[in-house]
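Accompanying notes for the structure given below.
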Protein chains: 2
Amino acid sequence: MDKTYIEVEEAAHTMKLLGDRTRLTLLGLLYSGECCVCELVEVLQMSQPSISQHLKKLRDARLVKEKKKGQWVFYSLNTSHETYPIVHQVLKQIPDQKEKLRALEDKGLRIQCD
Amino acid sequence: MDKTYIEVEEAAHTMKLLGDRTRLTLLGLLYSGECCVCELVEVLQMSQPSISQHLKKLRDARLVKEKKKGQWVFYSLNTSHETYPIVHQVLKQIPDQKEKLRALEDKGLRIQCD
DNA sequence: TGTTTATATAAGTGTTTGCTTATATAATGT
DNA sequence: ACATTATATAAGCAAACACTTATATAAACA
């Protein structure tokens, strides 16, 4: 079995996670840099538990990494995931989510750390 | 809105269809050339209605095209679908399904037409 | 015409999904 | 210590999903 390929089962699992508008947008946001949960909630205009539950799925699949900083939890893409090449290809082809983060910044809601 | 990008909603819909082991394998098979339903049933070792229902979903999304030839229906990838670039990127990165079709041929179960 | 073969569709069912509201946990600030 | 803020988790629920079995449709063939 040629291991340069991603197995069908695993690829399908990743695709399933990308197959939801909310999660795909979350990943698109993280594609332009790490974000904390409250920013994601603000941008997506969805309930905090809903966003947290989506993040849990992405975390369980190890598609995203988390980093705690004080009261915040910052999420970022796990670029060393076996299926990241696919994720990357997909994210490259959807609209850039950066401007949504810029809009957040304008409202003074962007979380700075370090 | 930059139309060189695939909208998030549409990308998510396609990803959802790819997010199932059976459908991803079906698309992988079609990636190596058109197949008729009975071949797909034979390769995937699943019930004919189940395969037909998966094909219907892919057809409804226009990810695949159908071509009737006598009693058979041949399916192929719709390479002009708006999200085909993504589909292509994904299929490129999963194991080649050609050998499964070759095995069919060895059993004399491959359908020839033209 | 009647039978076989290929495919689609319908109906039923248990499982999974994506939300909701409520609550728990943990760090921050007073 | 206590209130606030950020996040996670639990429980409940309607809708979507992926099968199953049964049946419909249509072409091929004896």
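In what follows, every chain begins at residue 1, and chains take the letters A, B, ... in the order their sequences are listed. What you see is a predicted model; the values in this text were computed from it and never measured.
- For the side chain to side chain contact (heavy atoms under 4.5 Å, CB included) test, residues two or more places apart in sequence or in another chain that qualify with Arg59(B) are Lys56(B), Val64(B), Glu66(B), Tyr75(B).
- Considering all non-hydrogen atoms of both residues, Met15(B) and Ile86(B) come closest at CE-CG2, 3.0 Å.
- For Tyr31(A), the ring pair (Phe, Tyr, Trp, His ring centres under 6.0 Å) criterion is met by His88(A), not counting sequence neighbours.
- Spacing between atom CG of Leu44(B) and atom C1' of dC19(D) amounts to 14 Å, rounded to whole angstrom units.
- With sequence neighbours excluded, the residues that form a side chain to side chain donor-acceptor pair (under 3.5 Å) with Gln48(B) are Ser52(B).
- Scored by the side chain to side chain donor-acceptor pair (under 3.5 Å) test, Glu9(A) finds Arg21(B) as partners (sequence neighbours excluded).
- Judged purely by atom type and a 3.5 angstrom limit, Glu39(B) uses its side chain to pair as donor or acceptor with the backbone of Cys36(B).
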What nitrogen or oxygen pairs link the protein and nucleotides 1-3 of chain C at under 3.5 Å?
none

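- Here Lys16(B) pairs with nothing under the side chain to side chain donor-acceptor pair (under 3.5 Å) rule; sequence neighbours left out.
- Residues of residues 10-22 of chain A having a heavy atom closer than 4.0 Å to DNA chain D: none are found.
- Note on Lys69(A): every side-chain N or O is 4.0 Å or more away from OP1 and OP2 of dA6(D).
- OP1 or OP2 of dC19(D) sits under 4.0 Å from a side-chain N or O of His54(B).
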Spell out protein contact along nucleotides 4-9 of chain C as letters: B when the base is contacted, S when just the sugar-phosphate is, - when no protein heavy atom is under 4.0 Å; keep the 5' to 3' order. -BSBBB
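- Listed by chain and number, the residues in a side chain to side chain contact (heavy atoms under 4.5 Å, CB included) with Asp20(B) are Thr22(B), Arg23(B), His54(B) (sequence neighbours excluded).
- Atom CG in Leu26(B) sits about 10 Å away from atom P in dC19(D), given to the nearest Å.
- Under the side chain to side chain contact (heavy atoms under 4.5 Å, CB included) criterion, Ala103(B) pairs with no residue at all, not counting sequence neighbours.
- Overall bending of the helix from dT1(C)-dA30(D) to dT30(C)-dA1(D), expressed as the angle between end axes built from five pairs apiece, is 10° (10° steps).
- Atom NZ in Lys100(B) sits 7.0 Å away from atom CG in Leu44(B) (nearest 0.5 Å).
- Under the 3.5 Å distance criterion, the side-chain polar atoms of His13(B) are left unmatched by any main-chain donor or acceptor of Ala61(B).
- Residues that satisfy the salt bridge (Lys or Arg N to Asp or Glu O under 4.0 Å) test with Glu42(B), not counting sequence neighbours, are Lys107(B).
- In this structure, Glu99(A) contributes its side chain and Gln97(A) its backbone to no donor-acceptor pair below 3.5 Å.
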